[in-house]
Every structure is written in structure tokens, then in C-alpha cells.
A.B. asks: 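Sharing a structure, written as C-alpha cells. Questions coming.
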Amino acid sequence: MLGSKFFERSSIVVAKDLIGKFLIREQGGEVESFMITETEAYDGEKDLACHASKGRTKRTEILYAKPGIFYIYLIYGMYHMLNIVTDKKDYPSAVLIRGVKSISGPGRVTKKLKIDRMLHGKEAGKKSSLWLEDRGIMVNQKDILKTARIGVDYAGPIWSKKLYRFLLKK
DNA sequence: ACGATGATGAAC
DNA sequence: TTCATCATCGTA
């Protein structure tokens with residue numbers, strides 16, 4: 001199971017490293033696992049696409065917390081976004097899980113896995129019934145595409161174009 | 001191409 | 001306290 005050691009690295013490194021890892025969800029005694037195929041990194045206050053670019057607020061406080069906990073919020077009044085806090089405590093950054101095998105889109109992932117604000121701030125682990133595992137799948141770095149992040153045009157010409165989105169080539 | 005739908009943060 | 005904005009998706 002991936003723990004704080006794994007997440008206590010740059011969000012960019014963690015985002016790339018999460019491709020090919022598994023997201024496990026347990027509910028009602030049933031365990032389902034999904035291979036992660038798409039992620040995005042949000043890195044620090046300087047990153048204008050990162051919510052922490054606004055500094056510490058009630059909402060962004062969690063991004064400054066210890067690595068390996070979930071940052072979950074509602075977007076467009078409808079969809080929950082699943083993020084995992086990364087890097088050292090007090091360095092605000094996170095990785096957004098944008099897609100898993102056979103489910104594309106961050107809103108659809110959380111809908112399918114029934115992830116909502118209940119898990120916000122919880123540590124990734126069995127206790128929270130949502131965790132991550134390395135199942136030994138080797139991903140060739142050439143099979144990981146890097147692109148600009150989705151839906152962050154507001155972040156300006158520099159930050160909206162950073163290649164912080166990682167996805168597995170089919 | 002667009003509307004649904006609610007939390008957030010900044011302005012007033 | 002009001003207002004614009006938003007890390008999306010399903011329908012058209």
C-alpha cells in the first residue's frame with residue numbers, strides 16, 4: 001500500500017509515478033480496484049492553476065497538510081474531484097486523479113467509486129476504505145503522454161501550458 | 001454549444 | 001451580502 005513516503009515528493013513526480021498504480025475502494029464488504037491511467041499535478045502557491053495560489057484559506061489549508069491525505073471538493077455544483085496531497089508538510093501541492101482504466105474523467109471516477117466530501121482530509125488507507133497500491137505493473141516511460149492540464153486556461157499563458165498532465169498511451 | 005448547480009473568494 | 005467563477009459532463 002502506498003503511504004506518506006510515496007506522496008512526500010514533488011506533485012509532478014508523484015503524478016507521473018501514479019500512472020499504472022491501483023486505486024482501491026472498499027464498500028459494503030466489496031473491494032474494487034482500478035488502474036490509474038490519468039493524473040494531473042498542482043504544485044505550490046506559484047502555480048496559478050493550483051488552488052493554493054490564493055494562499056492559505058479555509059479551503060486550501062488542507063493542501064499544506066501532510067502528504068497522503070485526500071483533498072476532495074465539489075466543482076460545478078455537481079462533481080467531486082479526488083486529489084491526494086503531496087510533498088512535504090507546508091508545501092501546498094496535490095495530484096488530481098483524472099481517470100482510471102475504463103473510466104475517463106475525474107467527475108465520473110468519483111461518481112463510480114462513490115467518493116464525496118466524507119473522505120475529505122482522511123488519510124489514504126484501509127481505514128478510510130480508499131487507498132492506493134503498487135501491483136508491480138511496469139510502465140514504460142515512453143507510454144506516458146505529457147500534456148497541458150485540462151480546464152485551467154484562467155491560470156495564464158505560462159501555468160496553463162505546463163505539461164503537468166500525465167496519461168497512459170493506449 | 002450549453003446548461004445544471006453549489007461552494008468559494010473577492011469585492012462592495 | 002452579492003457576484004462571478006469554476007481542476008465537468010450529459011444532452012443536443
Side-chain angles (χ1 to χ4, degrees), chain A residues 2 6-7 9-23 25 32 34-87 90-124 128 130-132 144-170:
Chain A
L2 303 178
F6 181 89
F7 298 106
R9 297 179 292 161
S10 148
S11 60
I12 295 139
V13 172
V14 173
K16 192 167 76 172
D17 209 5
L18 276 176
I19 301 295
K21 300 294 189 289
F22 283 78
L23 183 63
R25 180 69 164 137
E32 288 184 295
F34 305 84
M35 187 177 73
I36 296 167
T37 55
E38 186 179 349
T39 60
E40 277 177 8
Y42 290 86
D43 198 85
E45 293 180 348
K46 63 183 188 304
D47 178 359
L48 297 181
C50 181
H51 290 162
S53 63
K54 307 213 179 288
R56 280 185 192 255
T57 67
K58 195 173 180 186
R59 178 197 220 184
T60 64
E61 189 65 35
I62 188 136
L63 291 167
Y64 295 79
K66 62 179 178 188
I69 61 177
F70 297 120
Y71 166 38
I72 296 166
Y73 67 94
L74 193 66
I75 191 69
Y76 302 116
M78 260 179 247
Y79 300 102
H80 293 279
M81 297 289 106
L82 171 63
N83 299 254
I84 303 163
V85 174
T86 55
D87 219 314
D90 291 321
Y91 184 85
S93 64
V95 170
L96 168 69
I97 307 294
R98 280 197 66 85
V100 297
K101 194 174 170 73
S102 77
I103 307 174
S104 305
R108 299 172 88 190
V109 169
T110 52
K111 190 179 169 192
K112 168 80 178 173
L113 303 199
K114 296 199 173 64
I115 290 165
D116 60 22
R117 295 275 306 174
M118 295 293 292
L119 285 163
H120 181 69
K122 295 275 196 314
E123 194 168 359
S128 54
L130 181 64
W131 67 94
L132 296 102
I144 297 179
L145 290 177
K146 291 188 212 182
T147 79
R149 292 170 290 183
I150 304 297
V152 295
D153 288 349
Y154 65 88
I158 296 170
W159 291 98
S160 67
K161 290 189 176 66
K162 291 275 183 191
L163 303 181
Y164 285 178
R165 174 173 176 242
F166 302 91
L167 71 158
L168 192 61
K169 235 187 262 184
K170 286 207 189 121

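In what follows, chains are A, B, ... by sequence order, proteins preceding strands, each numbered from 1. Keep in mind it's a predicted model, so treat the numbers as computed, not measured.
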A.B. asks: Grab the OH-P distance between A:Y73 and B:dG9 for me, whole Å please.
C.D. replies: 12 Å
A.B. asks: For A:Y154 and C:dA7, is the shortest distance between a side-chain N/O and OP1 or OP2 below 4.0 Å?
C.D. replies: yes
A.B. asks: Does the side chain of A:F70 reach to within under 4.5 Å of the side chain of A:E123, using non-hydrogen atoms?
C.D. replies: no
A.B. asks: Nearest-Å distance, CZ (A:R149) to P (C:dC6)?
C.D. replies: 14 Å
A.B. asks: Do any of residues 36-60 of chain A sit with a heavy atom less than 4.0 Å from DNA chain B, and if so which?
C.D. replies: A:K54, A:T57, A:R59
A.B. asks: Taking A:E38 for its side chain and A:S104 for its backbone only, find out whether a donor-acceptor pair lies under 3.5 Å.
C.D. replies: no
A.B. asks: Rounding to a whole Å, what distance do you find between A:R117:CZ and B:dT8:C1'?
C.D. replies: 11 Å
A.B. asks: Provide the closest heavy-atom pair for A:K46 versus A:Y91 in the form atom of the first, atom of the second, distance.
C.D. replies: NZ-OH, 2.9 Å
A.B. asks: Is the number of heavy atoms from other residues, nucleotides or ligands within 6.0 Å of NZ (A:K101) greater than 12?
C.D. replies: no
A.B. asks: Should the heavy atoms of other residues, nucleotides or ligands under 6.0 Å from NZ of A:K58 be counted, would the total exceed 12?
C.D. replies: no
A.B. asks: Whole angstrom is fine here: how far is it from CG in A:N83 over to P in C:dT8?
C.D. replies: 11 Å
A.B. asks: Which dot-bracket string fits DNA chain C when only Watson-Crick or G-U wobble pairs with both atom distances under 3.5 Å count, crossing pairs get [ ], and | stands for a partner on a different strand?
C.D. replies: ||||||.||||.
A.B. asks: Show your working on side-chain contact (heavy atoms from CB on, under 4.5 Å) between A:F6 and A:L18 and close with a plain yes or no.
C.D. replies: CA-CA 10 Å; A:F6 181 89; A:L18 276 176; 3.6 Å; yes
A.B. asks: Any salt bridge linking A:K162 with A:D47? Criterion: basic side-chain nitrogen under 4.0 Å from a carboxylate oxygen.
C.D. replies: no
A.B. asks: Contact between A:L23 and A:L82 at the side-chain level, heavy atoms closer than 4.5 Å - yes or no?
C.D. replies: yes
A.B. asks: Could you report the tightest heavy-atom contact between A:V85 and A:K66, atom names first, then the distance?
C.D. replies: CG1-O, 3.7 Å
A.B. asks: For nucleotides 9-12 of chain C, list the nitrogen or oxygen atoms of the protein found under 3.5 Å from its nitrogen or oxygen atoms, one pair per line.
C.D. replies:
{"unit_1": "C:dC9", "atom_1": "OP1", "unit_2": "A:G105", "atom_2": "O", "d": "3.3"}
{"unit_1": "C:dC9", "atom_1": "OP1", "unit_2": "A:P106", "atom_2": "N", "d": "3.2"}
{"unit_1": "C:dC9", "atom_1": "OP1", "unit_2": "A:G107", "atom_2": "N", "d": "3.0"}
{"unit_1": "C:dC9", "atom_1": "OP1", "unit_2": "A:R108", "atom_2": "N", "d": "3.4"}
{"unit_1": "C:dC9", "atom_1": "O4'", "unit_2": "A:Y79", "atom_2": "OH", "d": "2.9"}

A.B. asks: What integer distance in Å separates A:L63:CG from B:dT8:P?
C.D. replies: 13 Å
A.B. asks: Out of A:D43, A:N83, A:D87, which residue meets the side-chain hydrogen bond (donor to acceptor under 3.5 Å, both in side chains) rule with A:S11?
C.D. replies: A:D43
A.B. asks: Contact class for A:I150 vs. all strands (heavy atom < 4.0 Å): base, sugar-phosphate, or nothing?
C.D. replies: sugar-phosphate
A.B. asks: Please report, rounded to the nearest Å, how far the C1' atom of C:dC6 is from the OH atom of A:Y71.
C.D. replies: 11 Å
A.B. asks: What closest approach, in Å, do A:K122 and A:S128 show between heavy atoms, and which atom pair accounts for it?
C.D. replies: CB-CB, 4.0 Å
